[in-house]
Each structure stands twice: as structure tokens, then as C-alpha cells.
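Encoded as C-alpha cells, the structure appears first; notes follow it.
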Amino acid sequence: MAGEPQDDCLFCKIVAGHVPATIVRETDTTVAFRDINPQAPTHVLVIPKVHYENAAELAAGDPAVAADILREAQAVADEDKLESYRIVFNTGSGAGQTVWHAHAHVIGGRGLQWPPG
């Protein structure tokens, strides 16, 4: 069920403290941690503590938490002193989503080309 922790979800396990992660920020509604396969000097994932499969589902189901993710992405960028950065939400396997728990990638600390990918 949307919003409820899922036993088979890696990010739900990180939220619960069952899987270790290098946590850089935590609020009542979000957790931010370093990506285990960073694509830039700063590559942090910001996730909601509630489980929604992707960004679209989160935005429809809990828009306040979706806004919290964006606020935390900015806080991560500020803490890492990023002058420019990218926030990426992959939605669906064709877009590169591999963990089915909504999350934002905060990527920066090097030049980023456009278009990505």
C-alpha cells in the first residue's frame, strides 16, 4: 500500500536502520545519504521516509513530502557548497529507475552536460 513501508524495499530498510548508509541529513519526513555508486563528487539521494514507488506517485499521494524532498535537496547542495547542481527523479525502468521507492538524486561538484545520459 502506498505510504506504508515495504519489506522488500532497499530504501525502506535504510529508513528503518536495517541497511547501513552514509546519511548526511535526516528530517521527520526525509533521509539523505551518499549514493554507493556516485556519478559526481556530490551524489546524494534524498528519499521520503514513506514509501511511494516513484516521484509521480509521491507528488499525487503526499505533495507536502514531495516538497520536503526538494527543500532537502537544496540543503544538501548548500552543505556541499555547490554553486550549480542537478536534481534528478528517475521514474520508470526506461528512465533508469532501479529502486522502486521515490528518490531524488542531487548531483554536482563537476561539469554536467546537457542532454544527460
Side-chain angles (χ1 to χ4, degrees):
M1 174 183 234
E4 298 295 321
Q6 304 295 305
D7 292 337
D8 62 344
C9 174
L10 173 63
F11 289 173
C12 287
K13 291 176 183 178
I14 289 172
V15 169
H18 300 305
V19 171
T22 304
I23 296 174
V24 297
R25 294 187 56 81
E26 184 169 3
T27 70
D28 290 341
T29 59
T30 66
V31 177
F33 54 92
R34 302 269 174 208
D35 193 294
I36 62 170
N37 184 26
Q39 302 300 303
T42 293
H43 190 165
V44 173
L45 303 178
V46 182
I47 68 170
K49 288 184 174 180
V50 292
H51 181 91
Y52 286 91
E53 186 172 295
N54 57 50
E57 189 179 296
L58 173 62
D62 202 334
V65 173
D68 291 345
I69 289 174
L70 291 174
R71 273 191 291 278
E72 284 304 299
Q74 178 65 57
V76 166
D78 290 345
E79 285 184 0
D80 278 18
K81 298 177 177 42
L82 299 176
E83 292 182 23
S84 59
Y85 58 95
R86 187 171 287 159
I87 300 171
V88 176
F89 289 91
N90 296 324
T91 300
S93 58
Q97 185 176 6
T98 58
V99 177
W100 301 101
H101 184 119
H103 57 285
H105 297 256
V106 180
I107 302 168
R110 67 167 174 82
L112 301 170
Q113 303 300 313
W114 194 261

Nearest 0.5 Å please: distance from the [atom1] atom of [X] over to the [atom2] atom of [Y].
X	Y	atom1	atom2	value
Phe89	Leu70	CZ	CG	5.0 Å
Ser93	Trp100	OG	CH2	5.0 Å
Thr42	Arg110	OG1	CZ	11.0 Å
Gln97	His103	CD	NE2	6.0 Å
Glu57	Thr91	CD	OG1	10.0 Å
Arg34	His43	CZ	NE2	10.5 Å

N/O donor-acceptor pair under 3.5 Å between [X] side chain and [Y] backbone:
X	Y	answer
Asp80	Leu82	no
Gln6	Glu4	yes
Gln39	Asn37	yes

Item to check | All pairs passing salt bridge (Lys or Arg N to Asp or Glu O under 4.0 Å) where residues 39-50 contributes a residue, at least two apart | outcome: Glu26-Lys49
Next on the checklist: Test question: given the 4.5 Å side-chain rule for I, L, V, M, F, W and Y, name all other residues clustered with Leu112, or answer none.
Outcome noted: Val88, Ile107
Checklist entry - Which other residues end up in the same hydrophobic cluster as Leu45, if Ile, Leu, Val, Met, Phe, Trp and Tyr are linked when side-chain heavy atoms come under 4.5 Å apart? => result Leu10, Phe11, Ile14, Val15, Val19, Ile23, Val31, Phe33, Ile47, Val99
Checklist entry - Quick check: are there more than 12 heavy atoms from other residues, nucleotides or ligands sitting under 6.0 Å from CG of Asp7? => result no
Checklist entry - Excluding sequence neighbours, so at least two apart, what forms salt bridge (Lys or Arg N to Asp or Glu O under 4.0 Å) with Asp68? => result Arg71
Item to check | Which residues share a salt bridge (Lys or Arg N to Asp or Glu O under 4.0 Å) with Arg25, sequence neighbours left out | outcome: Glu72, Glu79
Which atoms form the tightest heavy-atom contact between [X] and [Y], and what is the distance?
X	Y	value
Cys12	Pro5	SG-CA, 3.9 Å
Ala102	Pro48	O-CD, 3.0 Å
Asp35	Pro38	O-CD, 3.5 Å
Val44	Ala32	CG1-CB, 3.9 Å
Pro41	Gly109	CG-O, 3.4 Å
Ile69	Ala104	CG2-CB, 3.7 Å

Checklist outcome for this item: Across all chains, not counting sequence neighbours, the side-chain hydrogen bond (donor to acceptor under 3.5 Å, both in side chains) partners of Asn90 are none
